[in-house]
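Small disclaimer: the values here were computed from a predicted structure and weren't measured.
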Amino acid sequence: MIKTCTITGQAFTITEEDKAFYRKMGVPEPTLSPKERQFQRIQLRNFHNLYKRKSDMSGKMMISMYAADSPYKVFNAEEWWGDQWDPMDHGRDFDFTRPFFEQFGELLMDVPKVALFQYRCENSDYANVAMDSKNCYLVGGCIQNEDCMFGHIVWKSFQCLDGLYLYDCEWCYECFDCVNCYQAFFSSECTNSSEIYFSYNLQNCKNCFGCTGLRNKQWVWFNEETGEEEYKRRLAEVLPLSHSKIDWAKKELEKLKLATIEPSVFGTQNEAVTGNHIYFSKNTADCFDIKKCEDARFIYTGEGFKDCYDISFSPGQGELLYNSLAVGGKAFKIIGSQMVIDCHDVYYSDNCFNSNNLFGCVGLKRKEYCIFNKQYSKEEYEALVPKLIEHMKSTGEWGEFFPVELSPFAYNETIAYEYYPISKKDALSRGMKWRESKNPEDYVGPKTQVPESIEGVDSSICDRILSCEVTRELYKITPQEFTFYQKMGIPLPKRTPKQRLMDRIAQRNPRQLWERQCGKCGVSIESSHHPEDSRVIYCGSCYLNELY
């Protein structure tokens, strides 16, 4: 069935398998395209824009994802998770004469918010949306990491800086889309590889510089097998790295990539999947950046999901989840919710933990049978929920995600802006908010030129002010960061952490599929490579035959 997105006017397809899932979940067929549904969900997530402000409980200064002029009440993590306040005090009856989202927005405004979302973390005061992590700094989507800095979706990793979509990696720098890599630098799309520089699409490789498309190789220099002695001689000539050497290596790698065959999907150990960056998964369609998923569709950044549709930025695990953001732990039967951890049978709720049977709740912990933060008996709850669902169906709200008007953030504060950058004019025309940034030239103090290499630079550089070569925004080098650069022979960055993140995101393929033809057998394939991309794309079978 072909449908038309009610916002963009674009056509999208609903399959018979899709219909069966919607019937199972008790939701209507979506009115928005998959891209638009994803676009709406991630407007509720702010990873990297952090502010200093006072707690509305204690008055203590804190770091928060909500600016000081935000209209919400915000507590620091210790206060929010403590027992000095009770979210049930904000409970209220549901008014069947008004739309659900209108009333839920009032509850969202009333219930205090936690300054940064952290769950079982230690010494990670500047890491946002972080779980089970230690000693991490400015990492958004920080799951089971230690000693990581300046990251976006970094999971199960150690001592990684400037990472984007890293999984089970150690001692990596300026890498993205890497899985199980050790000492990888300026590399992407690599798995099970170590001691690699400026490399792309390697598997089970070691000691490679400027390489692409290799499997099970060692001592290789720009795809030339040199042997150990010659490789080490050449490497010694370029280390420690300087900015000019980095620019040279990147340009040479790009030339090599243009002459190298590309797979239609990046990933390993999959069966019957479409999308990109898929690992250890089975029967998944239109999914991106997932691991260990099965019978799922439209999952964007997740692990351990089964029989789920339309889930974004979730650490897993879950079953029977639909149209939700940041659900995890062991989640079951969640619809239209965000930041719901270790819960089951939860509908249209926000920031709830270890709770079950909730409808329209905010900030609850270890609760059950609640509606709009009000306690009900099991019998009362089960009698009222069907009436709520029917009411939401009558208003066209059931099955939809929270409207953009309920996002607590300006559009350019959210990760939606990082993945789908649009202008202020376009954002405002769609009812989104926009936050004006301060003029970076307001600071009139002395600025230090970024050195060409780390050689001869001492820790006093951490007391200096640097200016981003792109945005002119100001930034500093932390002592921990400086120690890493010094140990790895890497020059100080010329750009702010935020600009470096935007640079990495810009290098990834979009989360969209186009019909292509295999460059060898001609079979029709789906790929995230745009049809105008001149690189040669092979189907899975032809690609494996070419490699092995």
Report summary line: Exactly one candidate in Asn201, Asp177, Ile278, Val179 meets side chain to side chain contact (heavy atoms under 4.5 Å, CB included) with Phe266; the answer is Asn201

Requested in this report: Consider only side-chain N and O atoms of Tyr417 and Glu413, and report whether a donor and an acceptor are under 3.5 Å apart.
Outcome: no

Query raised in the report: Does any non-hydrogen side-chain atom of Thr301 lie less than 4.5 Å from one of Phe288?
Result: no

Query raised in the report: Step by step, would you call Met149 with Gln480 a side chain to side chain contact (heavy atoms under 4.5 Å, CB included)?
Result: CA-CA 9 Å; Met149 302 177 71; Gln480 298 89 339; 4.1 Å; yes

Requested in this report: Could you walk me through whether Glu303 and Tyr167 pass side chain to side chain donor-acceptor pair (under 3.5 Å), step by step?
Outcome: CA-CA 11 Å; Glu303 179 182 21; Tyr167 185 90; 2.7 Å; yes

**Report entry** Geometric cation-pi criterion, Arg500 with Phe150: 6.0 Å, 45°
**Finding:** yes

Query raised in the report: Aromatic ring centroids of Tyr119 and Phe353 under 6.0 Å?
Result: yes

Report task. Please check if atom CD in Gln449 has more than 12 non-hydrogen atoms from other residues, nucleotides or ligands closer than 6.0 Å. Result -> no

**Report entry** Sub-4.5 Å side-chain heavy-atom contact between Tyr420 and Lys35
**Finding:** yes

Query raised in the report: Between His152 and Phe313, what is the ring plane arrangement, given parallel below 30°, perpendicular above 60°, and tilted in between?
Result: perpendicular

Query raised in the report: Above 12 or not: heavy atoms from other molecules or residues under 6.0 Å from NZ of Lys217?
Result: no

Query raised in the report: Taking it one step at a time, do Asp18 and Tyr309 satisfy side chain to side chain donor-acceptor pair (under 3.5 Å)?
Result: CA-CA 9 Å; Asp18 298 340; Tyr309 270 49; 2.7 Å; yes

Requested in this report: Test salt bridge (charged side-chain N to carboxylate O under 4.0 Å, His left out) on Lys251 and Glu254 and set out the steps.
Outcome: CA-CA 5 Å; Lys251 289 176 182 177; Glu254 286 304 311; over 6 Å; no

